[in-house]
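A, B, ... follow the sequence lines: proteins, then strands. Residue 1 opens every chain.
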Amino acid sequence: MNRTDATSPRPAAVVLGRHTDGGCVLVLCDGAGEELGREVCVPDDLAAAVARWERTSPLWVVRTLRDAYPPLLAAGIRLRRAHDLLLCHAILRDTASLAEPLPASRRWIRAASAEPRPQALFEVDAGAAPDDEIDELLAEWARQRAALRRAPDARLDLLCRAESTGALVAEEMTAAGLPWDVAVHEGILEGALGPRPLTGARPAKMAQLAARVGEQLGERDVPIDSPPRLLRSLHRAGILVESTSRWELAEQEHPAVAPLLEYKKLARLHTANGWTWLREWVRDGRFRPIYLTGGVVTGRWASSGGGALQIPRSLRPAVRADAGWRFVLADVAQLEPRVLAAMSQDRAMADAARGADLYEGVVRSGAVSTRSEAKYAVLGAMYGATTGESGRLMPRLRKVFPRAMGLVDRAARTGEEGGVVSTLLGRSSPPPDGAWRDAQSRASDPAAGGVEERRARSRARDRGRFTRNFVVQGTAAEWSLLWLAEIRHRLSALPAAVSPAPASGPVFAGGAHLAFFLHDEVIVHCPAEQADAAAEAVQAAAVAATARLFPGFDIDIPLDLRIADDAGKDA
DNA sequence: CGTTGCAGCGCG
DNA sequence: AAAGCGCGCTGCAACG
């Protein structure tokens, strides 16, 4: 059996795959991907083998970290570097920055769910027999390295490395979990909803509000949970709204409206994050969502399980650090417009972005006269507003920030014409689907009617708004990915805590670790004595991410950073 | 009966 | 107040 002594190969990379007989195989490779040797083991011995090779800090090449990494973490092993073939395949297959992107293959499409995949579905056009998974991995890795060599610059490589490191972070965060105080959560629920009801029953405060709505509408047992039936009840009472949505109801001056809106708020809390949610998703003081890295076409992460990306701000106080531990809470104010300023190299917008409040900077630039105008104008620029106040302000932004506005306007035009747009590092938008192209070609037919033409134009504008936003949201996601990777790197280099209070799982008991990530904010959980150093690491990571994504361009991306025992203090 | 689509609302 | 992007989850209603 191989040992990491002077006579053993010192692999730059190890490809990890399944073997014919259900065992595991590690292929040791040099920096060029040339095979140096192999090691075969039974699954029970895999963790030990990985731990041994990890001492030499190789690049671990796997089909997907989503499957490969959790069992290793459970065995107490953290990997420093990895290459996720599935995630990188998607990037290199769709990117427009390569003349010859990776050929599409059904073997390299991620399954929709986290459940084990039925193999048969994926073997249809497989180039290799399932027995030879390791050969398939080696071949795919070779294709990906070749694709990256053909790239005009290093940006795609940076994206693939960041994407893979993001996947490491995601699995580590699931394993560590977000510390969650059940008693605090229950206190919030009881304060808002009343005592915990018997299963199936409506909480007391919701029942009271429903009764008041009924009195005001002059109707017993209003079908308050059924939008279409509630709408008819509202109409009978003379409240002429077109839907039961919040903003429309808020415009009505009827005594039934206030209790109805309050009911909706409580119902949302009860159904989405009530006692049922607590029982199902919080175990041993930890909320463990599954992060789906690259789950959104723009490169943002999606999640599954417990609605991790939608935890209401009112529940943030339930996010509580372990005894003797602290949180470092950090978020970026107005990340997307700052990223737009930098990626378009718009000096005027970057100057407006200097400091904590970009919108005040936009006012100082003279483009608009109030902060709230600035906010809606900037959001409208990125989302493609055409009507209302926001749409009206667009020409003024174009005049003051021509480069930034030119970038998003061009992205919108490309999308309307059916083209593909890309982020700064080279993640590309999906091409239009068949239905979209059919609608456009039907409308360009001389015999097309006005209805078809209007419909096609409307679909084209929809797509233009999507591609307009794609370049900004996607590049912002790249900044966040680099930020996460830099945080992880710096946290692992922190001096060990002298006497950390016991916390977390076995892997993370020793010190600071990322515990939560949501688009532009992170939560680090750390022993109290590491809190200052961890906060500095998070700050330094942001500076490093900015320098890597926008080399040579001066852009301010400031953090709102604080150390606290819970996540609710300034919510 | 189970599945699918939609409305509504939470997050960025 | 402003309605323009991206998600996930819930419950209801319509559908097969």
Side-chain angles (χ1 to χ4, degrees), chain A residues 113 200 202 223-231 241-251 260-261 263-274 276-277 280-281 289-316 331-337 339-340 368 370-394 397 408 411-412 415 421 429-430 458 461-477 479-480 516-522 571:
Chain A
S113 82
R202 187 179 269 169
I224 198 165
D225 292 318
S226 163
R229 289 161 65 205
L230 175 61
L231 191 62
V241 285
E242 286 182 29
S243 77
T244 62
S245 58
R246 204 161 40 106
W247 61 81
E248 206 182 338
L249 285 168
E251 291 171 355
L260 176 53
L261 292 181
Y263 176 90
K264 281 168 163 279
K265 216 166 91 184
L266 297 187
R268 166 79 195 184
L269 177 65
H270 180 235
T271 57
N273 297 102
T276 310
W277 182 91
E280 191 166 354
W281 292 108
I290 290 169
Y291 296 91
L292 302 173
T293 59
V296 181
V297 283
T298 59
R300 272 190 173 182
W301 293 9
S303 75
S304 90
L309 276 47
Q310 310 133 255
I311 299 300
R313 301 201 73 85
S314 64
L315 286 180
R316 294 292 180 96
D331 65 80
V332 193
Q334 307 126 5
L335 174 60
E336 291 188 357
V339 161
L340 172 58
V368 298
T370 67
R371 185 181 185 280
S372 104
E373 276 187 337
K375 183 172 176 178
Y376 283 96
V378 167
L379 290 177
M382 293 186 305
Y383 292 158
T386 51
T387 60
E389 180 90 8
S390 185
R392 191 173 64 72
L393 292 166
M394 298 276 272
L397 280 195
V408 286
V421 297
S429 66
S458 168
R461 279 194 302 265
D462 290 346
R463 197 173 129 78
R465 285 195 301 275
F466 166 66
T467 51
R468 169 190 292 273
N469 187 247
F470 181 97
V471 294
V472 181
Q473 185 185 116
T475 305
W479 186 91
S480 296
F516 190 69
F517 168 64
L518 179 53
H519 307 320
D520 61 1
E521 62 179 275
V522 300

Problem - Lys375(A) atom NZ: more than 12 heavy-atom contacts under 6.0 Å - result: no
Handout entry: Pairwise side-chain contact, Phe517(A) with Ser480(A), heavy-atom cut-off 4.5 Å (strictly under)
Key = yes
Exercise for the section: Could you classify dG4(C) for me, syn or anti, using a glycosidic angle within 90° of 0 as syn? Expected result: syn
Practice task
In whole angstrom, give the distance that lies between atom CG of Leu393(A) and atom C1' of dA1(C).
Solution key: 14 Å
Completion exercise
Here the distance between atom P of dG11(C) and atom NZ of Lys264(A), to the nearest Å, is 14 Å
Problem - Min side-chain heavy-atom separation Val297(A)-Phe466(A) under 4.5 Å - result: yes
Exercise for the section: Assign a letter to each nucleotide of nucleotides 2-10 of chain C from its 5' end: B, base within under 4.0 Å of a protein heavy atom; S, sugar-phosphate only; -, no contact. Expected result: BSBBBSBSS
Practice task
Just do the salt bridge (Lys or Arg N to Asp or Glu O under 4.0 Å) check on Glu521(A) and Arg316(A) with the steps written out, would you?
Solution key: CA-CA 13 Å; Glu521(A) 62 179 275; Arg316(A) 294 292 180 96; 3.3 Å; yes
Handout entry: pair Val296(A)-Trp301(A): side-chain heavy atoms closer than 4.5 Å
Key = no
Completion exercise
As its Watson-Crick or G-U partner within any shown strand, both distances under 3.5 Å, dG4(C) has none
Practice task
Flag the pair Val339(A) / Leu335(A) as yes when at least one side-chain heavy-atom distance between them is below 4.5 Å, and no otherwise.
Solution key: yes
Exercise for the section: Take Arg202(A) and Ile224(A) through the side chain to side chain contact (heavy atoms under 4.5 Å, CB included) test and state the conclusion after the steps. Expected result: CA-CA 12 Å; Arg202(A) 187 179 269 169; Ile224(A) 198 165; 3.5 Å; yes
Exercise for the section: Classify the nucleic acid contact of Arg229(A) as base, sugar-phosphate or nothing, counting any heavy atom under 4.0 Å across all strands shown. Expected result: sugar-phosphate
Practice task
Using a strict 4.0 Å threshold on nitrogen-to-oxygen distance, state whether Glu336(A) and Arg468(A) make a salt bridge.
Solution key: no
Fill in the blank from the handout: Outermost contacting nts on DNA chain B, any atom under 4.0 Å from chain A heavy atoms, listed 5' then 3', are dG8(B) to dG12(B)
